[in-house]
Amino acid sequence: LLGGAVERERHTTELRLVRLADIKRTQLGDDEGAAELYRQALVLDPSDEDARVGMTAMLEGSQAHAAAEALWTAYEAADEWQQLLELATPRSEAEPDAIKRAQILADAAKLHEERANDDIQALAAIARAVPLAAQRRELRSTLLRLAAKTGAWDVAVAALEDAAKAMIGDDEAAAELRLVQANIAEKHLDDWDAALAAHQAASQLTPDDPVQLAHVVRCAANAGRWPAAGAAVVAHAAIVGRSDERLIHSIEGAAREAAAAVDEGTVDETTGTWANAAAGLVGAIDAARDSLAAPVASKLYSTAAAWYRDH
């Protein structure tokens, strides 16, 4: 008997809260007061349909954030994951804090993957989350895992690029993201131009790092971007004080493949001949003479001359 009385009183309180909230929202223009009363009703009964309807109507107004949070709590309490997924976008849009917004999207990604068995939508959600909290490695790991699971590596590349751009003031972290982006472009997309662009961006962030420049040389050569390859070889030589034979061999190997492709008629002749490779290197040396020691410049000129002579 006592339990029944308590339940009846609870239900009566819910009804009163919702009715008063409806009046505040529809007649008095008191959205803040209405949102609080709807919230209290949902605490008493997360499945209260009238409170849910009223609170859902407030997702469009000034109380969107409060409404979204209250509805999310109610849906979680009722384990209604479909409603949680429907709410994820308006909830994230109503959240002013970027880090919290990222977590909302990460939660949505988890629901898409584990409850809806929709890996594509899970990847889309986590791809939106990563640039908002670029420093969170666990989000990045989830992004890469879902990209591997779906094969949609292009989505991961775009998210990593946006994340790197968002890392203002932390060049080292941004360069790390660019490296991951470049690795995906090279190994999973077979896109040397995209890999080159990512490595160039990383090199601009860490201009004194010869390792980054070596990556630029390799990708530029494989992409047939001879001026870029030459410029990176020269910049590398200026830093380390010598011509690096490994980088020269990298260009030579790519030039051989490009020349063979021209001979087979599989690519246009302007794509990557030895003459273009030599011209790219000479142009880069000419542009950087002031930063190169004379013996280093001489060695690089000799390399270009050999390419002209022998090919």
Side-chain angles (χ1 to χ4, degrees), residues 35 55-56 58-76 81-185 188-189 194-195 197-202 204-206:
M55 197 63 109
T56 299
M58 305 195 73
L59 288 172
E60 300 294 331
S62 62
Q63 297 303 304
H65 181 264
E69 293 305 310
L71 286 169
W72 187 272
T73 300
Y75 294 153
E76 274 193 320
W81 60 266
Q82 296 96 333
Q83 284 73 17
L84 287 171
L85 284 177
E86 291 178 6
L87 183 61
T89 294
R91 184 183 178 218
S92 67
E93 292 174 349
E95 175 56 60
D97 183 83
I99 301 299
K100 293 180 180 178
R101 195 155 65 247
Q103 186 58 53
I104 290 169
L105 293 167
D107 291 341
K110 185 175 182 179
L111 287 170
H112 277 300
E113 182 180 15
E114 297 181 358
R115 302 297 293 274
N117 295 315
D118 190 338
D119 295 333
I120 294 295
Q121 288 301 317
L123 176 60
I126 203 67
R128 291 172 58 198
V130 167
L132 295 171
Q135 72 280 9
R136 288 184 57 182
R137 292 179 179 274
E138 73 276 14
L139 298 185
R140 192 191 317 170
S141 296
T142 300
L143 173 73
L144 298 180
R145 179 178 59 78
L146 286 169
K149 195 175 181 182
T150 61
W153 288 105
D154 56 324
V155 175
V157 165
L160 290 167
E161 181 171 359
D162 289 342
K165 291 177 180 177
M167 295 292 284
I168 299 172
D170 192 342
D171 290 348
E172 185 175 341
E176 180 183 347
L177 288 167
R178 291 294 192 178
L179 283 176
V180 178
Q181 177 190 345
N183 186 61
I184 293 172
H188 297 289
L189 299 178
H199 278 306
Q200 286 177 320
Q204 290 172 0
L205 292 165
T206 54

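Since this is a predicted model, take the numbers as computed values, not measurements.
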Within this structure, what is the CG-OG1 distance for the pair L179 and T206, rounded to the nearest 0.5 Å? 7.5 Å
Summary of ring-ring contact (aromatic ring centres under 6.0 Å, His included) pairs that have at least one residue in residues 92-123, sequence neighbours excluded: none
Specify the closest pair of heavy atoms between A129 and L139, including all atoms of both residues, with the distance to one decimal. O-CD1, 4.3 Å
Which residues pass the side chain to side chain contact (heavy atoms under 4.5 Å, CB included) test with A166, sequence neighbours left out? none
Can you name the side chain to side chain contact (heavy atoms under 4.5 Å, CB included) partners of A148, sequence neighbours left out? W153
Can you tell me how far CG of D107 sits from CG of L84, rounded to the nearest 0.5 angstrom? 9.5 Å
Which ring-ring contact (aromatic ring centres under 6.0 Å, His included) pairs, counting each pair once, include a residue from residues 84-106, with sequence neighbours left out? none
One should read off an interatomic distance between I184 CD1 and E161 CD, to the nearest 0.5 angstrom, of 12.0 Å
List the residues meeting salt bridge (charged side-chain N to carboxylate O under 4.0 Å, His left out) with R128, not counting sequence neighbours, and say none if there are none. none
Search all heavy atoms of R178 against all heavy atoms of A201 and return the closest pair with its distance. NE-CB, 3.5 Å
From L123 CG over to R145 CZ, what is the distance, rounded to the nearest 0.5 angstrom? 10.0 Å
If you look at every heavy atom in A185 and A194, which pair is closest and at what distance? CB-CB, 3.8 Å
Measuring only between side-chain heavy atoms, which start at C-beta, is V180 closer than 4.5 Å to L144? yes
Who pairs with E76 by side chain to side chain donor-acceptor pair (under 3.5 Å), at least two apart in sequence or on another chain? W72
What pairs of residues pass the salt bridge (Lys or Arg N to Asp or Glu O under 4.0 Å) test when at least one of them lies in residues 86-102, not counting sequence neighbours? E69-R91
Can you tell me how far apart CD1 (I126) and CG (L143) are? Round to the nearest 0.5 Å. 7.0 Å
What is the minimum heavy-atom distance between H199 and A182, and which atoms define it? NE2-CB, 3.4 Å
Side chain to side chain, L87 and L59, heavy atoms closer than 4.5 Å: yes
When every non-hydrogen atom of A88 is compared with those of A108, the smallest separation belongs to CB-CB, 3.7 Å
Who pairs with Q63 by side chain to side chain donor-acceptor pair (under 3.5 Å), at least two apart in sequence or on another chain? none
Applying salt bridge (Lys or Arg N to Asp or Glu O under 4.0 Å), which residue pairs with at least one partner in residues 146-156 are found, sequence neighbours left out? E113-K149, D119-K149
Side chains of R140 and L177, heavy atoms from C-beta outward: is any pair under 4.5 Å? yes
How many angstroms lie between OG in S92 and CD1 in I104, if you round to the nearest 0.5 Å? 6.0 Å
Under the side chain to side chain contact (heavy atoms under 4.5 Å, CB included) test, which residues partner D170, sequence neighbours left out? M167, E172, A173
Specify the closest pair of heavy atoms between A127 and A159, including all atoms of both residues, with the distance to one decimal. O-CB, 3.6 Å
More than 12 non-hydrogen atoms from neighbouring residues, nucleotides or ligands closer than 6.0 Å to CD on E60, yes or no? no
